[in-house]
Enquirer: 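Got a structure for you, written out below as structure tokens; questions coming shortly.
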Amino acid sequence: MDRVRIEELRRQLEYHNRRYYVDNAPEIPDYEFDALMRELQELERRHPEHADPNSPTQRVGSDLTAEFETVRHRYPMLSLGNTYSLEELHEFLERIEREAGETEYVCELKFDGTAISLTYENGELLRAVTRGDGVAGDDVTANVRTIRTVPLRLQGTGWPSYFEIRGEVLMPYASFDKINAEREAAGETLFANPRNAAAGTLKQQSSAVVARRGLDCTLYQLSGDDLPFATHWASLQKAREWGFKISEHARICRTTAEVDAFIAHWDEARRELPVPTDGVVIKVNDFAERRRIGFTSKAPKWAVAYKFKAEQALTRLLSVDFQVGRTGAITPVANLDPVQLAGTTVRRATLHNAEQMALLDIRPGDMVYVEKGGEIIPKITGVELAERPADSRPFEYITTCPECGTPLVRYEGEAKHYCPNQSGCRPQIIGRIIHFIRRKAMDIEGLGEETVELLYENGLLHDLSDLYDLKAPQLAPLPRLGEKSAENIVRSIAASREVPFHRVLFGLGIRFVGETTAKYLAEHFRSLDAVMAATREELEEADEVGAKIAEAIADYFDDAENLRIIGRLREAGVRLEAEERQRASETLAGKAFVISGKFRTHSRDELKELIELHGGRNLAAVSANVDYIVAGENMGPAKLKKAEKLGVKIISEEEFMALITGETPPKEEPKQGKLF
């Protein structure tokens, strides 16, 4: 009898969940819904043999830590070509009509969240995977089950036994403002924007935290081998019947004028939407026409995204704060009278440096123009001089560090001011520790910015070498940790002793020594002792090291505190020498490469590794010394322009692999269903 009641409660709750979250038409009050949920939770507790991962009770999530498994996409998640120009959009439409004749398009809002692929088998959610690199992503199924607009079981009929549906996980503005208000009250770092908040939330280790964050999910594309539809529009209408949240704002457009009208309407109306959008996607509707038009290696040729231009707002500059980075760099930040911009409430904006402030002649009390066009932090672009107060005075930039009081310095050729007290200035110490533990350095998991600050405040960390003295019993009693988290942190710290030398060198945080430069230094000198003993002239013999970088390296090793930290890292068993590595071949010997963009089959790091394994060199910037640019999607326009000017050959990922193998690069014909 209890089994029958459990199934009945599940059906009722799934129905009412959809009516409330997807259809926006609730039929029962919240207290009745909650009573049904409590009854089901109690029955499931008493009958664990009837457990179901897709039960409505799983919406509340779990506090258990979940490691994310990497899953290969059955159908690669390709990206879209972007344009900010109506002229370029019209060229796209003209090309489509030349190839396919009179064409029907589906215009959809481009939601600004994090891409997700949901797999359904026999009508139930099987798996949820992030986009990742387009070929493989992280399995975040437990977290996605907590999102109320994601159906755990499909309704209606006619769904294929196995298919995928793609869309965006979003953080509504209301959820974003609520979370940031809570974080501000708790003295925690604020999320930069709803997109970052959604992406960060989806990768939370606790699905219970995800459940509380109020994520949303809008779907826009089905993928499968045998989809029973002739058009994209028909597939969306059917998906809505099955219980998916499909945007009600999508429209069929048959002419360029109709597409333009759709864009013009939503460029204004999007400000009234409850979730962030950043453009309009235009897709060919007919699947047969899509197959004829085809794909590039990076994106479908039958779709394009028109991106809205950056928004501006006028508000008052109340005051200026100064932040200190891990290198001692001082960044002025404007405190603003709160203003709505791109769907969020903006209270702060970057001012970059003293020169930029002087150039704009920015003064507290001014009415300033703030712009946000995809930037994490809004920026001030101008001053409304007509509204400047009569008693306004030019702004005087600070001369001492706001954290430790040390007189600031300004290095030759640099716009920023710096605090030189690297061993005694709190944000610099914490910043260097955070840099040291990041994935591309020591890759120490479980230690975020807030946890590092907590350990510093509790006297457990004074510098990055103290990490190797931490014990689980010291960490477990601290807020937000516990025994399991403490053990995982200590285990990850121990594993970091095996990190290759070039990543240790990068992790030290020497000014101007980025990931690529650290690799070249490690390759050239083979040990930290050799780097430390090198003269400035000898340092410049390494690839990518000029006079400025050589000076910074020498200054770093002239500091007694840095030498003390290195001594402790040596005692802790951290690798300070490069391993001998056999090259796979000399196929690319003498050739220099720049990697730019995102790739379907390999990550950027994997491509760089292949270049080195086959005798080539990786360079960070485009110059006359570069032989090839390996270009993926969204290659930087500045790099492209410079490459064309210098005549540097640009090759695709497939052409690069052909260089190594000596084969002719294959021409791919993606199957229907291999969409973005």
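Because only heavy atoms are used, hydrogens play no part in the values below, and waters and symmetry mates are left out as well, while side chains stay in.
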Enquirer: Check the pair Val383 / Leu317 against side-chain contact (heavy atoms from CB on, under 4.5 Å), numbers first and verdict last.
Expert: CA-CA 10 Å; Val383 177; Leu317 172 61; over 6 Å; no
Enquirer: What pairs of residues pass the ring-ring contact (aromatic ring centres under 6.0 Å, His included) test when at least one of them lies in residues 424-445, not counting sequence neighbours?
Expert: His435-Phe506
Enquirer: Do the non-hydrogen side-chain atoms of Gln356 and Leu359 ever get within less than 4.5 Å of each other?
Expert: yes
Enquirer: For the OG1 atom of Thr83 and the NE2 atom of His90, what is their distance to the nearest 0.5 Å?
Expert: 10.0 Å
Enquirer: Do Asn562 and Gln422 pass the side-chain contact (heavy atoms from CB on, under 4.5 Å) test, and can you show the C-alpha distance, the side-chain angles, and the key distance before you say yes or no?
Expert: CA-CA 10 Å; Asn562 290 336; Gln422 63 172 9; 2.9 Å; yes
Enquirer: Check whether any side-chain N or O of Asp366 sits under 3.5 Å from a backbone N or O of Val368 as a donor-acceptor pair, and report yes or no.
Expert: no
Enquirer: May I ask you to decide whether Asp112 forms a salt bridge with Lys307, counting only side-chain N to carboxylate O separations under 4.0 Å?
Expert: no
Enquirer: Just jot down the salt bridge (Lys or Arg N to Asp or Glu O under 4.0 Å) partners of Lys203, sequence neighbours excluded, or say none.
Expert: Asp138
Enquirer: Assess the residue pair Asp555 and Arg536 against the criterion (salt bridge (Lys or Arg N to Asp or Glu O under 4.0 Å)); give the C-alpha distance rounded to whole Å, side-chain angles, the decisive distance to 0.1 Å, and a yes or no.
Expert: CA-CA 10 Å; Asp555 288 346; Arg536 286 163 172 75; 3.5 Å; yes
Enquirer: Taking 4.0 angstrom as the limit, do Asp463 and Arg432 come out as a salt bridge?
Expert: no
Enquirer: Is it the case that the side chains of Thr345 and Gln340 hold a donor-acceptor pair, with the cut-off being a distance below 3.5 Å and no angle test?
Expert: yes
Enquirer: Between the main-chain N or O of Leu170 and the side-chain N or O of Asp216, is there a donor-acceptor pair closer than 3.5 Å?
Expert: no
Enquirer: Within this structure, what is the CG-CD distance for the pair Leu86 and Glu88, rounded to the nearest 0.5 Å?
Expert: 10.0 Å
Enquirer: Would the distance check show the side chain of Lys416 and the main-chain N or O of His352 forming a donor-acceptor pair, the cut-off being under 3.5 Å?
Expert: yes
Enquirer: Just by distance, do the side chain of Glu403 and the backbone of Cys425 share a donor-acceptor pair under 3.5 Å?
Expert: no
Enquirer: What distance do Ile330 atom CD1 and His417 atom NE2 have between them, rounded to the nearest 0.5 Å?
Expert: 9.0 Å
Enquirer: Ignoring hydrogens and angles, tell me if any N or O in the side chain of Gln312 forms a donor-acceptor pair with the backbone of Val370 under 3.5 Å.
Expert: no
Enquirer: Considering all heavy atoms of both residues, which atom of Arg131 and which atom of Ser79 are nearest to each other, and what is their separation?
Expert: NH2-OG, 2.7 Å
Enquirer: Check whether any side-chain heavy atom of Arg316 lies under 4.5 Å from a side-chain heavy atom of Met367, and answer yes or no.
Expert: yes
Enquirer: Just so I know, are the side chains of Val140 and Val169 near enough to count as touching, which here means a heavy-atom distance under 4.5 Å?
Expert: no
Enquirer: Please check if the side chain of Ser319 supplies one atom and the backbone of Asn335 the other of a donor-acceptor pair under 3.5 Å.
Expert: no
Enquirer: For Val210, is there any backbone N or O sitting under 3.5 Å from a side-chain donor or acceptor partner on Arg213?
Expert: no
Enquirer: For residues Arg270 and Thr277, is any side-chain donor paired with an opposing acceptor at under 3.5 Å?
Expert: no
Enquirer: Look up atom CG in Leu215 and atom CD in Gln204, then write down how far apart they are to the nearest 0.5 Å.
Expert: 10.0 Å
Enquirer: Please examine the side chains of Leu539 and Val531, heavy atoms only from C-beta on, and report whether any two atoms are closer than 4.5 Å.
Expert: yes
Enquirer: Hey, is Lys548 close enough to Glu551 for a salt bridge, meaning N to O under 4.0 Å?
Expert: no
Enquirer: Can you tell me how far the CG atom of Asp267 sits from the CG atom of Asp260, to the nearest 0.5 Å?
Expert: 12.0 Å
Enquirer: What are the two closest heavy atoms between Cys107 and Ile282, and how far apart are they?
Expert: SG-CG1, 4.0 Å
Enquirer: Checking the side chain of Arg410 only, and the main-chain atoms of Glu414 only, is there a donor and an acceptor separated by less than 3.5 Å?
Expert: yes
Enquirer: Tell me if a side-chain donor or acceptor on Lys642 pairs with a main-chain N or O of Val622 at a distance below 3.5 Å.
Expert: yes
Enquirer: Roughly how far, to the nearest 0.5 Å, is CZ of Arg511 from CD1 of Ile549?
Expert: 11.0 Å
Enquirer: I need the minimum non-hydrogen distance between Pro276 and Met171, along with the two atoms involved.
Expert: CD-O, 3.6 Å
Enquirer: Hey, mind stepping through Val648 and Val594 against side-chain contact (heavy atoms from CB on, under 4.5 Å) and telling me if it holds?
Expert: CA-CA 10 Å; Val648 177; Val594 167; over 6 Å; no
Enquirer: What are the two closest heavy atoms between Ile362 and Phe395, and how far apart are they?
Expert: O-CB, 3.4 Å
Enquirer: Closer than 3.5 angstrom, by distance alone: can the side chain of Thr146 be matched with the main-chain N or O of Asn143 as a donor-acceptor pair?
Expert: yes
Enquirer: Could you tell me whether Asp361 and Arg388 have a side-chain N and a carboxylate O separated by less than 4.0 Å?
Expert: yes
Enquirer: Please assess Leu202 against Val144 for the test side-chain contact (heavy atoms from CB on, under 4.5 Å), listing each intermediate value before the final yes or no.
Expert: CA-CA 7 Å; Leu202 199 57; Val144 167; 3.8 Å; yes
Enquirer: Nearest heavy-atom pair of Ala550 and Val545: which atoms, and what distance?
Expert: N-CG1, 3.9 Å
Enquirer: Testing the basics here: between Leu475 and Leu481, what is the closest heavy-atom pair and its distance to 0.1 Å?
Expert: O-CD1, 3.3 Å
